Amino acid sequence: MKKFIMSALMIGATAAAQAQNTPVYLDETKPIEQRIDDALSRMTLEEKIAVIHAQSKFSSPGVKRLGFPDLWTDDGPHGVRPDVLWDEWEQAGQTNDSCVAFPALTCLAATWNPQLARLYGESLGEEALYRNKSVMLGPGVNIYRTPLGGRNFEYMGEDPWLASRMVVPYVQGLQSKGVAACVKHYALNNDEEYRHQVNVIVSDRALHEIYLPAFKAAVQEGGAWSIMGAYNLYQGVHNCHNATMLNKILKKDWGFDGVVISDWGGCHDTEEAIKNGLDLEFGSWTNGLSEGASNAYDNYYLALPYKKLIKEGKYTTEELDEKVRRVLRLFYRTTMNRQKPYGFLCSESHYQAALKIAQEGIVLLKNERGLLPLNNPKKILVVGENAIKMMTVGGGSSSLKAQKEILPLDGIKARFADAEVDYARGYVGDTVQSYNGVKVGRSLYETRSQTELTAEAVAKAKDADVVIFVGGLNKSDYQDCEGHDRKSYDLPYAQNEVIEAILKVNPRLVYVNISGNGATLPWIKKVPAIVQAWFIGSESGEAIASVLAGDVNPSGKLPFTWYASLDQCGAHATGSYPGTWREDYKIIDEEYKEGIYVGYRYTDSKGLKPLFAFGHGLSYTTFKLGKVTTNTQHLTPNTQMTFTVPVTNTGKVAGSEIVQLYVAAKQSKVDRPVKELKAFQKVYLQPGETQNVSLTIGVDAVSYYDEAAKGWNAEPGSYEALIGTASDKLPTKITFKLK
C-alpha cells in the first residue's frame, strides 16, 4: 500500500512538472554536451541571466528547478580562504574553515619541480572539496616584470617557460579533484598601484613570447576550466571584456572551452561584456546590498541591464546562450560531477606536501666560511620581526586562516633544542594585530625606540655563536601585498641599520629573507650566508630550520633575476614604469618599452651582473656536469632533439641539482635574446653518484613570434644549446642546426 501511494505521488509530481514543461531531472546518461543542449533548451531567460553573474561575494546561482546547485568560488592560490559573510568582506566567524597554508607560488616556482606542482594542485583541490568550493581562484602566472610589483609573490617568476612548465601540472592536479582552476590574471597584470587604470601598450611579439605562454599552456596543456580576466586595460579596453584577448586569442586561437570570470569589480560596461567574451561577472557592486540599488546583484552589468537590452530587441540570446553554455559546462565539470573524490581538510598528507614544497623551494643564495649548515651551535641569537610574524595573514585576497603556522623562531627553537636560543626584535615593521578578522597570533605591540632595539640586538649578538637575522618584506600595504606596489627596492624599516651594527660585533650572521621579491642588500659582501625563504605557509618555521640545520639540503633556484639595483631592470631602465597619466587622469598609459627583454633577457643584453642570476641556487654539496651529447645534429619542424649530459655529485652529502638548458640563435633577421630557457630537469644524487640527464626540445624552442606574419616563425640555421645550473653558470654547450 505504501509503495502504491508513493508511486501515485511520483506520477502526480511528474504530471505537474510536465504540465509546466519542466523535467523532474535531466538525463545523466547522455554525453555532457548533449546534456548542456538539453538544459539550455529548458532554461528561461531569467534563469540564463541569473547564472552569468554573482548572487553573493563568492557564489553564483545554479538552476534549482533543473537540479543545478549554486557555484561556489574561493580565493587562494595558496590555500582555501576563510568564508566571508554573504554580502560583506568580513569573516563569517565559522570555526570549521581553517586550512593548510601552502607556500606562495614564487616558492613553488623556485622548486623547479613540476611533480611538486601536481602535488600542490591535488592537495589544494582536496581542501577545496571539503569546503564545497568548485572554483579556486588561481593559480597566478603573470610575469614578474618589476620587483616592485606588489603581487609578484602570488606568481611564478619572470620566465614564460618556467611558469608554463609549473602551471600545467598544478592545474591538472587541482582539476583531477573535480575543482576548477581559474588561472589569473589574464593578462598583463604586472603591477598593482593603478591596476584599474593602467592601459598596457606592448608589442605583439612581447605579448606572445613573454606574457601569454603560461596562460596558453594552462589552457591547451593543462585544460583549465576557467580563466580570470585582469583589471588592467589592453588596447584601451579592460581585459575582462577585451575582444582581442578573450574572443580572438583565448577562445578562437587557443580553443578555450571554459568560462571567463571577471576579477571582482573588473567589469565596466554591459555591451562590451556581452560582445567581448566575458562569461561570468563577479564583484561589480562590492558595496553589496547595503548601499546603492536594493537589489545590487540584479544590477550587475550582465544582469537586468543585459536582460533589458534583449527585451528591447537590441540583442538576441545568441551571445547569452554561448555564455550559459560555458557556465553549464563548468557545472558539469564541478558541481554536477558525480565522480568527484572525497575532500580532506588539514590532513597529515597536506601538511607534508606543504613542508616538502617549502623545503625544496628555499634557495641558498650565498654560503661562505662554511657557516651553513649550522654545526651544533651552543648559543643562537635570532633577530628580526619576521621571525615572530605570521605571513599567512594579510597581503590581500590570498590571506588565509591557517589551522597552524610554525613561526621561524619557534621552528629554530624546536630544531636546536640543545642550544640556548635567544631572541631580539631588532626592528618594528608592522604591529597590526589582525587582518580581515584573522588574528596574527602573538602580539607585535612594541614601545621601545629603534635605538633601544638596535642596542639590544648588538648586546645579545656579542656572545652568540651565530646570529640568524630573519627579515625581508611582509604582507603590509606597499610591500608584498595586493592593491599597491612597493615604493622602494630597499629593505623596509631599519633592517640595514641593525644588520650593519650586528656585523661589527659578530660576523657570523645568517640572513634569512622572507619575501616574494628581491631587494637591495648593501651589506652583502660582509654577510657570509643568505637564504631566500619566501612566504612558505603553515610549515614555515620547520622548513627554514631544517635547511639551516642541514637536515634538508637546499635545492631551490631563483625564478627571477635578483637585481643589484632597479636600473638593471628593463621596465625601470627604459623609464616605462609606472607609465604616464592622460590629461583627464582617468587612464595611465604604460608602454612596455623593454619589449621581450624582461629579467635575465635584459641583463644579458646589457652585459649587467645582477646580485643573483635567474636560476641561481647553491647546495651543501657540489655537482659537476660532463660533456653533452645529442641524439642528432639537426632539428626539424617535425622532430625533437634530445641533449644528454652526465651529472655527478662530487660532494659528501646527497642533494638535488637542476640542470637548465638555454637556447641561443647564432644569427637572425630579428633581435633575439642572448639566450632563453627552453628545458630543465631536477635530479637527486647520492655522494659520488652520476646520472645522465636528458633534456628534449622541439621547434618551438627556436621559434619567435613574427609580427608581420602574425604567427610563430623558426628560422633555419645554427643555434647553440647552453647547459648548466644557472643562467650565469652554463659550462657546457653544443651547436645544432634547424633544417
Side-chain angles (χ1 to χ4, degrees), residues 103 106-117 119-120 166 351-377 380 406 408 411-412 414-416 419 466 468 470 508 510-514 527-534 536-537 539-559 562 612-613 615-625 645-660 680-693 724-726 729:
T106 41
C107 178
L108 175 63
T111 70
W112 292 57
N113 188 343
Q115 292 179 337
L116 287 186
L119 175 65
Y120 196 125
M166 297 302 288
Y351 281 113
Q352 284 299 312
L355 178 61
K356 176 68 172 172
I357 295 163
Q359 290 170 330
E360 282 205 29
I362 290 174
V363 182
L364 180 61
L365 294 174
K366 182 180 180 181
N367 189 24
E368 296 177 352
R369 308 173 206 165
L371 188 52
L372 292 177
L374 298 177
N375 185 21
N376 297 319
I380 299 173
I406 302 174
I412 292 168
R415 173 57 184 82
F416 297 96
V466 63
I468 303 172
V470 185
R508 291 176 57 80
V510 178
Y511 176 67
V512 178
N513 191 71
I514 309 292
V527 172
I530 302 175
V531 174
Q532 175 62 20
W534 314 109
I536 48 180
E539 300 287 352
S540 174
E542 182 175 349
I544 291 170
S546 67
V547 169
L548 296 178
D551 303 330
V552 170
N553 191 349
S555 62
K557 302 278 188 177
L558 285 179
W562 193 305
F612 303 106
H616 170 78
L618 304 177
S619 171
Y620 293 149
T621 189
T622 54
F623 299 93
K624 182 179 179 181
L625 273 60
V645 59
V647 183
T648 303
N649 182 343
T650 56
K652 297 180 179 180
V653 295
S656 296
E657 182 57 283
I658 299 166
V659 184
Q660 305 167 34
F680 60 88
Q681 179 68 48
K682 195 165 194 172
V683 58
Y684 178 81
L685 299 170
Q686 294 291 338
E689 182 183 1
T690 298
Q691 285 189 30
N692 288 325
V693 173
T725 57
K729 295 178 182 176

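Here the structure is a predicted model, which is why all the values come from computation and not from measurement.
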(request) Kindly give the heavy-atom pair with the smallest separation between Ala358 and Ala543, and that separation in Å. (result) CB-CB, 3.7 Å
(request) Look up atom CG in Asn513 and atom CG in Leu365, then write down how far apart they are to the nearest 0.5 Å. (result) 8.0 Å
(message) Checking Glu539 now: which residues fulfil salt bridge (charged side-chain N to carboxylate O under 4.0 Å, His left out) with it, not counting sequence neighbours?
(response) Lys404
(request) Could you tell me which residues satisfy side chain to side chain contact (heavy atoms under 4.5 Å, CB included) with Thr650, sequence neighbours excluded, listed by chain and number? (result) Thr622, Lys624, Thr648
(message) Keeping Tyr120 on the side-chain end and Pro103 on the backbone end, is there a donor-acceptor pair under 3.5 Å?
(response) yes
(request) Check whether any side-chain N or O of Tyr620 sits under 3.5 Å from a backbone N or O of Val547 as a donor-acceptor pair, and report yes or no. (result) yes
(message) For Lys652, give me all partners under side chain to side chain contact (heavy atoms under 4.5 Å, CB included), at least two apart in sequence or on another chain.
(response) none
(request) Tell me, please, which residues at least two apart from Arg508 pass salt bridge (charged side-chain N to carboxylate O under 4.0 Å, His left out). (result) none
(request) Decide yes or no on side chain to side chain contact (heavy atoms under 4.5 Å, CB included) for Trp534 and Val363, but give the supporting numbers first. (result) CA-CA 9 Å; Trp534 314 109; Val363 182; 4.0 Å; yes
(request) Write down the atom of Pro114, the atom of Met166, and the distance for their closest heavy-atom approach. (result) N-SD, 3.8 Å
(request) Search all heavy atoms of Leu371 against all heavy atoms of Pro528 and return the closest pair with its distance. (result) CD2-CG, 3.5 Å
(message) Quick check: closest heavy atoms across Leu364 and His616, and the distance to 0.1 Å?
(response) O-NE2, 4.3 Å
(message) Quick check on Lys356: does its NZ atom have over 12 non-hydrogen neighbours (other residues, nucleotides or ligands) under 6.0 Å away?
(response) no
(message) Under a 3.5 Å distance rule, please check whether Lys557 uses its side chain to pair with a backbone N or O of Thr725 as donor and acceptor.
(response) yes
(message) The criterion is side-chain hydrogen bond (donor to acceptor under 3.5 Å, both in side chains); which residues satisfy it with Asn553, sequence neighbours excluded?
(response) Ser619
(message) Could you check whether any side-chain N or O of Gln359 sits under 3.5 Å from a backbone N or O of Ser546, counting only pairs where one atom can act as donor and the other as acceptor?
(response) no
(message) Once side chain to side chain contact (heavy atoms under 4.5 Å, CB included) is applied, do any residues pair with Gln115, and if so which ones, sequence neighbours excluded?
(response) Asn113
(message) Give me the atom names and distance for the closest heavy-atom approach of Ile658 to Thr111.
(response) CD1-O, 3.8 Å
(request) Compare every heavy atom of Ala545 with every heavy atom of Phe416, then report the nearest pair and how far apart it is. (result) CE1-O, 4.5 Å
(message) Tell me if a side-chain donor or acceptor on Lys682 pairs with a main-chain N or O of Trp112 at a distance below 3.5 Å.
(response) no
